[in-house]
Amino acid sequence: KRSAPSLPPRSVTKVSQYRVDEWVMYHQFPDAETESLRVGKRAVILDCLKNNRYEIYIDDPNLDQKWRRKIANEENLKPID
C-alpha cells in the first residue's frame, strides 16, 4: 500500500486590515508634539503590500501632487467611520 504524499505546512497569510479603494485617515507623525503634525489626512488605499504596508494617495489639495502618493505602515492608518 502506498501512503498519500505529505503536503508541506500551509503558510499562514495575514489578511490586510484595509482593502484597495478603502478610505482611511493617514497620520504621518501620530506622536508629534505639534497639533498640525499630528492631524490626520484623508487617503485612499491604492495597493496592499507586504509587511503591513500600503500604497496610499493622500487627498490634500494643499500638498504638492508629487507628495500625495506614499508607502505607509499600517500603524499610521486609521479607519474612517
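Contact between E22 and R19 at its shortest, heavy atoms only, is OE1-N, 2.9 Å.
In this structure, N52 CG and Y18 OH are separated by 10.5 Å, a value rounded to the nearest 0.5 Å. Expressed to the nearest 0.5 Å, how far CD1 of I71 lies from CG of D47 amounts to 8.0 Å. The CD atom of E74 sits 11.5 Å away from the CG atom of L49 when rounded to the nearest 0.5 Å. For the atom pair N73 CG and Q28 CD, the distance stands at 11.0 Å (nearest 0.5 Å). For the atom pair NZ of K70 and CZ of R53, the computed distance is 11.5 Å after rounding to the nearest 0.5 Å. Rounded to the nearest 0.5 angstrom, Y57 OH and L63 CG are separated by 8.5 Å.
Between D59 and W23 the shortest side-chain heavy-atom distance falls below 4.5 Å. In this structure the side chain of I58 reaches within 4.5 angstrom of the side chain of I56, judged on heavy atoms.
Note on M25 and W67: separate hydrophobic clusters, where clusters join Ile, Leu, Val, Met, Phe, Trp and Tyr whose side-chain heavy atoms are under 4.5 Å apart, directly or indirectly. Residues F29 and Y54 do not share a hydrophobic cluster, clusters being chains of Ile/Leu/Val/Met/Phe/Trp/Tyr side chains in contact below 4.5 Å.
Around CZ of R69, the count of heavy atoms belonging to other residues, nucleotides or ligands within 6.0 Å does not exceed 12. With a 6.0 Å radius and a threshold of 12 heavy atoms from other residues, nucleotides or ligands, E33 has its CD atom at or below the threshold.
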